[in-house]
Amino acid sequence: MKILVLGANGQVGWELQRSLAPLGQVTALGRDGNAGLSGDLADVAGLVRTVRALAPDLIVNAAAYTAVDKAEADADLAQQVNCVAPGELAREAAQSGALLVHYSTDYVFDGAGSTPWKEDDATGPLSVYGRTKLAGEQAIRAAGGAHLIFRTSWVYAARGANFARTMLRLASERDRLSVIDDQVGAPTGADLIADVTAQAVSVLRRNRDLSGTYHLAAAGATTWNGYARFVLGIASNKYALALRATPEAVDPVPTSAYKTAAQRPLNSRLDTSKLESTFGLSLPSWQSGVARMLAEILEK
Ligand code: NDP
């Protein structure tokens with residue numbers, strides 16, 4: 001199987017190169033492309049040429065305009081990257097018979113209530129990012145080809161910057177931290193997303209009727225405050241990291257305490273039962289994934 005991965009240098013794109021390797025020959029392109037192939041989602045013509053030149057059986061689009069606050073003032077580019085380009089990829093895939101995998105977000109919902117969102121629940125994005133991601137989903141469905149859209153939440157990876165690293169740095173500099181405690185969701189590892197992608201693709205290759213949208217997040221839920229406390233607890237108890245701020249020194253604050261350009265949903269819980277029952281999967285707890293990521297960044 002020939003596989004094209006876009007967004008190769010992002011959190012999920014990086015992990016996909018590992019998880020998809022056993023399924024076939026992977027060509028992974030970042031924004032700058034490689035060997036005359038374009039990986040820039042702002043350049044649709046170049047992207048189409050790339051897809052036609054490679055003729056992949058599977059296209060996995062992990063590229064996205066993910067700067068949620070910046071997108072508020074950069075809506076045209078966000079729309080291009082999160083909607084126009086994925087729609088074009090979907091039309092190319094539909095024409096050639098390739099399978100398209102794409103990622104979307106809990107930010108397509110308005111965050112009301114406390115019930116985990118199901119795939120068919122009414123959407124209501126609060127931000128430019130959420131609206132462009134929702135439009136991208138719709139463009140992919142409209143193309144009519146075989147696809148998997150995975151909506152996920154609160155993605156982290158050991159590689160690069162992440163929330164846990166920020167909390168560890170702040171806790172080494174300050175005696176107390178203030179972290180939001182009214183947004184609820186599940187921190188989800190890029191490695192888990194990539195592994196589930198590989199599993200689902202293997203199943204879909206045999207049964208294209210399973211094409212559709214699935215919620216993919218680690219099990220359980222927490223707040224950013226609970227996430228921060230968990231990270232500091234493991235760092236100090238298991239890795240004896242000398243921190244000035246203990247988990248007890250992480251004060252709860254409401255979202256309204258931080259002014260951000262984009263509004264974020266309060267309830268980001270995703271119901272993953274459709275994914276689990278369709279593909280025979282059991283998603284691990286968010287704590288197990290975060291503990292593993294901490295081992296990777298703290299065990300030298
Ligand atoms: P990252 O921000 O880590 O990676 C996104 C990648 O897209 C980056 O490598 C970025 O490249 C690339 N990119 C941006 N613009 C372009 C462009 N014009 N052409 C080509 N590549 C571009 O995101 P994640 O890996 O975390 O996200 C993967 C998917 O999951 C996305 O669809 C995202 O919307 C979704 N998601 C992410 C969440 C999160 O918390 N991060 C939460 C929910 C869903 P560069 O490095 O050059 O900017």
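Numbering of ligands and ligand atoms starts at 1, following listing order.
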Take Met293 and Tyr156, measure what side chain to side chain contact (heavy atoms under 4.5 Å, CB included) needs, and give me the verdict at the end.
CA-CA 9 Å; Met293 175 265 289; Tyr156 65 83; 3.7 Å; yes

Quick one, Arg176 with Asp251, criterion side chain to side chain contact (heavy atoms under 4.5 Å, CB included). Give me CA distance, side-chain angles, the key distance, then yes/no.
CA-CA 7 Å; Arg176 300 202 76 81; Asp251 296 320; 2.9 Å; yes

Criterion side chain to side chain contact (heavy atoms under 4.5 Å, CB included) on Val179 and Met167, from CA distance to verdict
CA-CA 9 Å; Val179 182; Met167 291 303 114; 3.9 Å; yes

Could you please spell out the steps behind the salt bridge (Lys or Arg N to Asp or Glu O under 4.0 Å) verdict for Arg31 and Asp40?
CA-CA 4 Å; Arg31 188 199 298 256; Asp40 185 358; 5.2 Å; no

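The two residues Glu137 and Val108 have their closest heavy-atom pair at OE2-CG1, 3.8 Å. Considering all non-hydrogen atoms of both residues, Lys274 and Thr213 come closest at NZ-O, 2.6 Å. Shown here for Val48 and Glu92, the closest heavy-atom pair between the two residues is CG1-OE2, 3.6 Å.
Inclusion of Gly30 in the set of residues having an N or O under 3.5 Å from an N or O of ligand 1 is not warranted. For ligand 1, the polar-atom distance check against Ser153 finds no nitrogen or oxygen pair separated by under 3.5 Å. Checked by distance only, ligand 1 and Thr152 stay at 3.5 Å or farther apart across all their nitrogen or oxygen atoms. At least one N/O-N/O distance between Val155 and ligand 1 falls below 3.5 Å. Looking at ligand 1, you'll find an N or O of Thr66 within less than 3.5 Å of one of its N or O atoms. For the pair Ala64 and ligand 1, the shortest N or O to N or O distance falls below 3.5 Å. Between Asp106 and ligand 1, a contact under 3.5 Å exists for no N or O pair. Distances between N or O atoms of Gly13 and those of ligand 1 include no value under 3.5 Å. Where the criterion is an N or O separation shorter than 3.5 Å, residue side chain and backbone included, Tyr65 fails it with respect to ligand 1.
Residue-ligand proximity, Gly39 to ligand 1, at heavy-atom distances under 4.0 Å covers atoms 19 (N), 20 (C). Using a 4.0 Å cut-off to heavy atoms of Tyr103, the atoms of ligand 1 that qualify are 29 (C), 30 (O), 32 (O). The atoms of ligand 1 that sit less than 4.0 Å from any heavy atom of Val81 are 18 (N).
Under 4.0 Å from ligand 1, the heavy atoms of Trp154 that appear belong solely to its backbone. The backbone of Ser104, and not its side chain, has at least one atom closer than 4.0 Å to an atom of ligand 1 (non-hydrogen atoms only; backbone = N, CA, C, O). For Lys133, every heavy-atom contact with ligand 1 shorter than 4.0 Å involves the side chain, none the backbone. Counting heavy atoms closer than 4.0 Å to ligand 1, residue Val12 contributes atoms from both its backbone and its side chain.
In this structure, Phe230 has its ring center closer than 6.0 angstrom to the ring center of Trp286.
In this structure, atom 4 (O) of ligand 1 lies nearest to the protein heavy atom Gly10 CA, 3.3 Å. Protein heavy atom closest to atom 19 (N) of ligand 1, with residue, atom name and distance, is Leu41 N, 2.8 Å. Ranking protein heavy atoms by distance to atom 26 (O) of ligand 1, first place goes to Gln11 NE2, 2.9 Å. When hydrogens are left out, the protein atom nearest atom 36 (N) of ligand 1 is Tyr129 OH, 3.7 Å; that is the closest non-hydrogen contact. When only non-hydrogen protein atoms are considered, atom 45 (P) of ligand 1 lies nearest to Arg31 NH2, 3.4 Å. Closest protein heavy atom to atom 22 (C) of ligand 1: Ala63 CB, 4.0 Å. Protein heavy atom in closest approach to atom 18 (N) of ligand 1: Asp40 OD1, 3.1 Å.
Distance remark: protein heavy atom present below 4.0 angstrom from atom 9 (O) of ligand 1.
Within the structure, the closest approach of Ala42 to ligand 1 falls below 4.0 Å when heavy atoms are considered. In this structure, Trp14 falls outside the shell of residues with a heavy atom less than 4.0 angstrom from ligand 1.
Between the side chains of Asn61 and His102, at least one donor N or O lies within less than 3.5 Å of an accepting N or O.
For the pair Ile140/Leu100, a side-chain contact is recorded, criterion being any heavy-atom separation below 4.5 Å from C-beta on.
Note that CD of Glu299 and CZ of Arg292 are 10.0 Å apart. Values are rounded to the nearest 0.5 Å.
Ion pairing of Arg169 with Glu173 is present here, as a side-chain N (NZ or NE/NH1/NH2) and a carboxylate O approach within less than 4.0 Å.
Shown are Phe109, Tyr214, Tyr103, Trp117; of these, the side chain to side chain contact (heavy atoms under 4.5 Å, CB included) with Arg151 is made only by Phe109. With Leu47 as the fixed residue, the side chain to side chain contact (heavy atoms under 4.5 Å, CB included) test singles out one of Leu29, Leu89, Leu4, Leu37: Leu89.
Formation of a donor-acceptor pair under 3.5 Å by the Gln183 side chain with backbone atoms of Ser268 is not found in this model.
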